[in-house]
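Single-structure report; data block below.
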Protein chains: 2
Amino acid sequence: MSARQVTLAEVARQAGVSLATASRVLNGSTRQVSGDLSERVLRTAEELGYVPNASAQALARNSSSLVGLVVHDITDPYFSCIAAGVTRVAEEAGLVVVLGTTGRRPEREAELLSTLRAHRARAVVLAGSRTTDRAAQARLAAEIDAFTEQGGRVACVSQAKLGTDTVVPGNRAGGRALARALAGLGHKKFAVLGGPSELVVARDRLAGFKAGLADAGVAPPVVVNGAFTRDGGYEAALELLASKSRATCVFAVTDVMAMGAMAALRERGVRVPEDMSIAGFDDIPTLRDTVPALSTVRLPLEEMGEIAAGLVLDGGRDEARTVRVAGEVVLRASTAHN
Amino acid sequence: MSARQVTLAEVARQAGVSLATASRVLNGSTRQVSGDLSERVLRTAEELGYVPNASAQALARNSSSLVGLVVHDITDPYFSCIAAGVTRVAEEAGLVVVLGTTGRRPEREAELLSTLRAHRARAVVLAGSRTTDRAAQARLAAEIDAFTEQGGRVACVSQAKLGTDTVVPGNRAGGRALARALAGLGHKKFAVLGGPSELVVARDRLAGFKAGLADAGVAPPVVVNGAFTRDGGYEAALELLASKSRATCVFAVTDVMAMGAMAALRERGVRVPEDMSIAGFDDIPTLRDTVPALSTVRLPLEEMGEIAAGLVLDGGRDEARTVRVAGEVVLRASTAHN
DNA sequence: GCGTGGCCGGAAAGCGCTTTCCAGTGCTGC
DNA sequence: GCAGCACTGGAAAGCGCTTTCCGGCCACGC
């Protein structure tokens with residue numbers, strides 16, 4: 001139990017070389033070490049089962065091999081897809097990802113950033129959606145500043161933050177294109193299941209959708225707001241039904257919300273798409289296989305995670321970069337002609 | 001840019017106390033510090049925006065605040081639910097979780113453990129399923145030993161590993177109960193979409209299912225193996241259909257596989273449950289809302305993650321503990337009477 | 001009144017590594 | 001043949017923190 005860990009010093013002693021030499025061999029510094037010694041060190045390290053102490057390295061080098069990833073809820077396919085992209089890139093780069101979940105509490109985001117800063121994470125990907133809550137936003141901005149000042153890089157997914165690299169999906173454009181496509185199906189009365197109004201993602205998608213309807217000369221939609229979750233979609237759909245709206249097509253600003261909404265419609269005996277067409281946004285994998293398959297705006301989620309990780313790890317230029325990824329309207333069985 | 005980080009020494013100097021005192025105030029050691037000094041330190045720390053360097057702390061204390069979590073694919077709801085449970089508990093305990101993904105490559109598991117060991121993670125939760133590949137298993141066992149010898153704790157979910165705490169779902173019992181329930185629906189010919197034969201989870205569920213059929217006096221099922229993924233289920237289902245089996249009910253050893261299987265059946269015009277009943281295992285949240293809703297064996301996935309994290313973080317007794325969690329058969333619309 | 005604890009502050013010795021600086025060696029070039 | 005250089009190995013100074021140990025102080029007991 002607790003057999004003391006093998007240290008570099010032991011390896012060095014065992015191999016009959018200095019600490020410096022052992023260090024140089026085992027981490028590939030710029031300095032050369034003769035093949036002879038080098039091999040001896042390698043061999044003893046192997047024999048002793050030496051594993052470098054990452055904390056000590058981080059301390060000595062003043063930089064760790066940690067990359068932070070902050071999401072609201074890892075259970076949500078939107079986030080888990082992004083997480084998959086981020087981890088893939090990080091692991092390829094030999095880094096380790098630290099997963100933080102906020103549970104959608106804005107203050108947690110700042111807390112996590114602070115923790116990550118304590119760990120001297122070299123970068124962090126913020127995948128949460130931006131809130132418009134002033135205080136939380138200021139606190140977060142301060143943490144981001146502190147983090148970058150300390151030499152770390154920050155990238156955001158789908159929420160531009162001052163001075164950070166960002167991957168922004170075409171929320172507005174996607175919403176707009178979707179609206180036109182749906183209007184093209186002949187629908188005249190639309191409803192939108194919007195997210196909480198303080199989320200810019202939700203607002204952008206909604207704004208785009210409205211613009212698209214306007215393009216098509218269709219009346220503005222009824223909007224019902226709900227939480228950005230499956231249950232939020234469920235509740236919002238019930239509320240919509242209760243309102244006796246005459247909508248024939250409903251747009252949920254998120255696939256996950258659409259999922260909840262479909263459950264609500266089904267429970268109330270509203271057939272999709274016969275009685276009501278429904279579309280979402282994101283194209284999370286699970287909803288491609290459902291019946292009816294969900295019409296949506298496809299976002300390359302894993303790729304977005306990869307891009308974000310790439311931005312944040314590529315040694316970093318100074319100015320903030322923004323990468324836009326386009327959404328692609330995919331009409332499936334959940335939307336019908338009207 | 002890179003404004004040097006505030007260190008404890010600066011706080012101490014600024015507050016006019018020694019390093020020791022500052023440290024004692026800011027981390028709550030066993031030693032008391034007079035209210036006067038204490039407050040002064042706290043205040044300066046606050047003013048300067050001091051954040052302790054986690055690497056330095058880890059080094060000095062010889063223990064970090066990292067908890068590892070190893071999964072195959074964070075995108076898979078099974079794993080993301082477990083991950084949610086683990087992160088919740090870890091974050092409550094003030095720890096930080098490091099997410100490692102294996103992409104189902106057995107050797108990655110050992111690699112990740114080694115990395116985690118380098119970081120002196122204080123514990124790790126292994127949520128991957130055990131392989132029967134001898135070499136990989138030995139390598140993994142060695143890493144687990146090394147990890148525990150170094151003072152870290154290891155817990156496994158659903159795979160007993162020598163000397164580790166384990167959370168084991170009732171795979172066999174669940175499979176058995178499900179088989180009986182399905183037989184009770186009147187089905188006589190069964191098929192099973194099994195996972196890769198080297199996964200004990202898959203084998204246990206299958207074995208339980210067979211036992212349950214035997215209990216009910218029903219003939220053994222046709223078994224088709226596929227990968228433990230949505231696509232694996234899809235392929236296996238196609239293979240099953242091609243085999244012209246007369247099965248009226250199929251059990252996919254995993255909900256995710258069932259999802260793929262349902263897609264395959266649908267494509268081939270096989271109606272569920274009219275032409276074919278189908279059941280899964282796990283009860284991942286997304287499949288409760290689909291049409292038809294999937295019959296399955298419910299496992300409290302998030303709770304399993306919480307339990308695993310709890311086991312591994314509770315200061316640890318010496319002998320390995322095992323917590324069993326029962327699966328509960330839930331029949332929904334995807335299975336019909338025959 | 002003085003010895004004996006109990007407390008609290010501070011000095012300093014690490015924790016395991018990286019990296020700078022210095023010393024020694026063998027070459028090259030004239 | 002020797003100055004100068006490139007190159008390699010080692011000693012040692014940190015990195016930012018924790019913790020042991022020591023010294024000073026006060027309160028107490030006899």
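Every chain is numbered from 1 and lettered A, B, ... according to where its sequence line falls, protein lines coming before strand lines.
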Distance in angstrom units between [X] [atom1] and [N] [atom2], rounded:
X       : N       : atom1 : atom2 : result
Q57(B)  : dC15(D) : CD    : P     : 17 Å
R31(B)  : dG10(C) : CZ    : P     : 11 Å
N53(A)  : dT18(D) : CG    : P     : 16 Å
R24(A)  : dC17(C) : CZ    : P     : 15 Å
Y50(A)  : dG16(C) : OH    : P     : 10 Å
L19(B)  : dG9(C)  : CG    : C1'   : 12 Å
R13(B)  : dA11(C) : CZ    : C1'   : 17 Å
R117(B) : dG16(C) : CZ    : P     : 15 Å

Task: DNA chain D: 5'-proximal contact among L37(A) and A56(A) (nearest heavy atom) - done: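 Final value for this comparison: L37(A).
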Task: Closest-nucleotide 5' rank along DNA chain C - winner of A60(A) and G35(B) - done: G35(B)
Taking only N and O in the side chain of [X], is any of them less than 4.0 Å away from OP1 or OP2 of [N]?
X      : N       : result
T21(B) : dG9(C)  : no
S18(B) : dG9(C)  : no
N27(B) : dT18(D) : yes

Task: Donor-acceptor pair, side chain of T101(A) and main chain of G103(A), under 3.5 angstrom - done: no
Task: R153(A) side chain to A123(A) backbone, donor-acceptor under 3.5 Å - done: no
Task: Flag if over 12 foreign heavy atoms under 6.0 Å of CD, E107(B) - done: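 Correct, the count exceeds 12.
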Open item on the list: Check this for me: E47(B), atom CD, are more than 12 non-hydrogen atoms of other residues, nucleotides or ligands nearer than 6.0 Å?
Closed with: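 Check passes, neighbour count above 12.
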Of the nucleotides [options], which one has an atom closest to the side chain of [X]?
X      : options                   : result
T7(A)  : dG10(C), dG16(C), dT18(D) : dG16(C)
R61(B) : dT19(D), dT18(C), dG10(C) : dT19(D)
Q32(B) : dT18(C), dC8(C), dC15(C)  : dC8(C)
V17(B) : dT18(D), dG10(D), dG10(C) : dG10(C)

TODO: Scan S34(B) against the nucleic acid and name what it touches under 4.0 Å (heavy atoms): base, sugar-phosphate only, or nothing.
DONE: sugar-phosphate
Task: Heavy-atom pair with the smallest gap, counting every atom of A155(A) and A308(A) - done: CB-O, 3.9 Å
